[in-house]
Amino acid sequence: MDNADECRELKDELFHLARVALEGRPQDMHLLVRKLARRYKAEDGALSSQLTDLLRKAPVRGSPTRRAEVAGLPLDNDSRLPLVRLLETPELEIEPVYDRTTWGSLRQVVDEQRRLDRLKEAGIEPTRSVLFTGPPGVGKTFAAKWIARELGRPLATLDLSAVMSSFLGRTGNNVRVVLDYAKAHDCVLLLDELDAVAKRRDDSTEIGELKRLVTVLLQEIDEWPASGLLLAATNHPDLLDPAVWRRFEMVIDFPLPSREHLAAVFRDLLEMDEDSPWPVILGVALAGSSFSDAAQRVRRARRMAALNGGQIEHQLEGVVRAAAESLGRDDRQDLALRLMRDAGVSQRQASEITGVSRDTIRKHDQREGA
Ligand SMILES: Nc1ncnc2c1ncn2[C@@H]1O[C@H](COP(=O)(O)OP(=O)(O)O)[C@@H](O)[C@H]1O
Ligand SMILES: [Mg+2]
């Protein structure tokens, strides 16, 4: 190997190390360091034993079963990195909020899996493969966690955008290995960011590889065992190969949240008094945002309030102000009105927060009311 190759390889290694460390995956970190220790044994014995020492001093925390399972995770052949992320007991920081249709479908999936015997008696197969579609940040990945938690099973996630970008030449194979692993273990498998497969379409050198990958996926979806659950999520259903799309037995759509649903999440996040108007005000002001976008702004406000020792209300007002500032004139007037009508804000406050003059609000109000 010449110097340039070696340098490239070291940089790749550094990148993997950084990723695994920053994602807080101590077990994976161990695997990686052990691999490095082995690799440098011949070439640089001192470095190798230093690494081994580090490993000895920092034992993996977690139960023996956990270690065994981690050891059994499917690895990429060359990098020896795990291809799949395993959440053994998925936990949610808040309870998800979905509209009635979405909840109905999610509950049905869980119900079927819980009562496999009943279905079997009736000679009916449960839903084995489900595709989640919807814009980013509306709770698709979250829903997979929710389902796994409800079923008391581990969640194995194959993030296709990650696998595709680093190991395209072996993606098809890797995907098969992961799918086999999931079939052999009693877990819920999530193929996240499925559209990553489709996005590469435009690059002609990769078409062959992608075709193989799509073929693998199609076969696997068809042959998925009834006791397993294969979930997939995409932000861009339009990019998916229609053949892949048709294979899923159920498609669950995740729309952008309504104001009421945003307010419900804010109520959960803010832990304010029951009668605090802020969740509703924020729901009105941040209408049209995704859950994750809206939640991020509110979490930031909480942090700022905690750091500055100020009142949370003051920070939340800033969130609404910023939302108003991003709007055009007409929408800002609408927001002022909705704050008054739907969130019970006084005309004076609505004017202060949105920067629309009280005169304009009054006129707008009369016009709308007429
Ligand atoms: N329906 C929801 N209810 C409550 N919180 C949500 C919801 N959807 C998203 N969030 C918040 O946003 C974060 C990111 O959501 P995620 O599921 O990753 O979105 P997606 O996979 O649709 O892009 C979640 O971890 C959660 O904090
Ligand atoms: Mg996601």
Side-chain angles (χ1 to χ4, degrees), residues 19 22-24 84-87 89-110 129-151 155-165 178 188-199 229-240 244-245 248 250-272 278-280 282-283 285-303 319:
R19 193 177 69 183
L22 292 175
E23 286 176 359
V84 68
R85 223 171 330 159
L86 190 69
L87 268 182
T89 40
E91 278 166 34
L92 307 178
E93 63 271 33
I94 52 173
E95 284 306 303
V97 175
Y98 298 114
D99 69 9
R100 199 179 311 159
T101 320
T102 309
W103 264 136
S105 308
L106 291 172
R107 292 214 170 93
Q108 189 188 336
V109 170
V110 167
S129 56
V130 186
L131 179 64
F132 295 163
T133 64
V138 292
K140 300 184 296 298
T141 307
F142 212 39
K145 261 196 210 173
W146 180 83
I147 288 181
R149 187 194 66 183
E150 292 298 296
L151 293 175
L155 176 67
T157 303
L158 173 68
D159 185 334
L160 282 156
S161 64
V163 175
M164 299 268 311
S165 52
V178 168
V188 174
L189 175 65
L190 170 65
L191 304 178
D192 215 357
E193 312 280 334
L194 192 60
D195 41 274
V197 176
K199 270 199 202 130
L229 191 54
L230 173 67
L231 306 175
T234 173
N235 299 328
H236 303 281
D238 44 309
L239 289 181
L240 275 189
V244 174
W245 168 271
F248 287 94
M250 190 192 275
V251 177
I252 305 184
D253 187 42
F254 291 70
L256 280 173
S258 66
R259 299 186 234 162
E260 290 75 17
H261 287 154
L262 283 176
V265 167
F266 296 144
R267 222 167 271 129
D268 208 346
L269 281 177
L270 285 168
E271 297 167 355
M272 293 169 101
W278 280 103
V280 176
L282 290 165
L286 299 180
S289 312
S290 71
F291 280 114
S292 71
D293 192 24
Q296 212 165 24
R297 293 196 220 189
V298 169
R299 287 201 177 102
R300 176 145 174 247
R302 285 191 75 185
R303 277 197 293 270
V319 171

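Note that ligands are numbered from 1 as they come in the structure, with each ligand's atoms numbered from 1 the same way. Only heavy atoms go into these numbers, but all of them, side chains included; no hydrogens, no water, no symmetry mates.
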Looking at V97, which atoms of ligand 1 are within less than 4.0 Å of one of its heavy atoms? 1 (N), 2 (C), 3 (N), 4 (C)
Salt bridge between E150 and K145, side-chain N to carboxylate O under 4.0 Å? no
Tell me whether Q296 reaches ligand 1 (any heavy atom closer than 4.0 angstrom to a ligand atom). no
Consider every N or O of E95 and every N or O of ligand 1, then say whether any pair is closer than 3.5 Å. no
List ligand 1 atoms under 4.0 Å from Y98, heavy atoms only on the residue side. 1 (N)
With heavy atoms of S292 as the reference, note each atom of ligand 1 found under 4.0 Å away. 12 (O), 13 (C), 14 (C)
Are D192 and T157 linked by a side-chain donor-acceptor pair shorter than 3.5 Å? no
Could an N or O of ligand 1 be found under 3.5 Å from any N or O of F291, whether backbone or side chain? no
Apply the test side-chain contact (heavy atoms from CB on, under 4.5 Å) to residues I147 and L229: give CA-CA distance (whole Å), side-chain angles for both, the deciding distance (0.1 Å), then the verdict. CA-CA 10 Å; I147 288 181; L229 191 54; 3.8 Å; yes
Could you say whether the N/O atoms of G137 and ligand 1 ever approach to under 3.5 Å? yes
Is it the case that T102 and D99 place a side-chain donor and acceptor less than 3.5 Å from each other? yes
Top protein contact for atom 18 (O) of ligand 1, by heavy-atom distance: T141 CB, 3.7 Å
Close side-chain approach of F248 to V130, heavy-atom, < 4.5 Å: no
Is the closest side-chain heavy-atom distance between M250 and S105 below 4.5 Å? yes
Atom 25 (O) of ligand 1 - nearest protein heavy atom and its distance: E93 OE2, 3.3 Å
Atoms of ligand 1, numbered as shown, that sit under 4.0 Å from any heavy atom of K140: 17 (O), 19 (O), 20 (P), 21 (O), 22 (O), 23 (O)
Is any side-chain heavy atom of P96 closer than 4.5 Å to one of F291? no
Looking at E93, I want to see if its CD is surrounded by more than 12 non-hydrogen atoms of other residues, nucleotides or ligands under 6.0 Å. yes
Do V110 and W146 make a side-chain contact, defined as non-hydrogen atoms from C-beta onward lying under 4.5 Å apart? yes
Looking only at distances, can you tell me whether any N or O atom of F142, backbone or side chain, sits closer than 3.5 Å to an N or O atom of ligand 1? yes
Is the closest side-chain heavy-atom distance between I252 and L106 below 4.5 Å? yes
Ligand 1 atoms in contact with P136 (distance to a heavy atom under 4.0 Å): 23 (O)
At a cut-off of 2.8 Å, list the protein N/O/S atoms near the Mg ion (ligand 2), residue plus atom name. T141 OG1
So the atoms of ligand 1 within less than 4.0 Å of a heavy atom of I94 turn out to be 4 (C), 5 (N)
So, do W278 and F266 sit near enough that their side-chain heavy atoms are less than 4.5 Å apart? no
Tell me whether the NZ or CZ atom of R100 lies within the 45° cone about the ring axis of W103 and under 6.0 Å from its centre. no
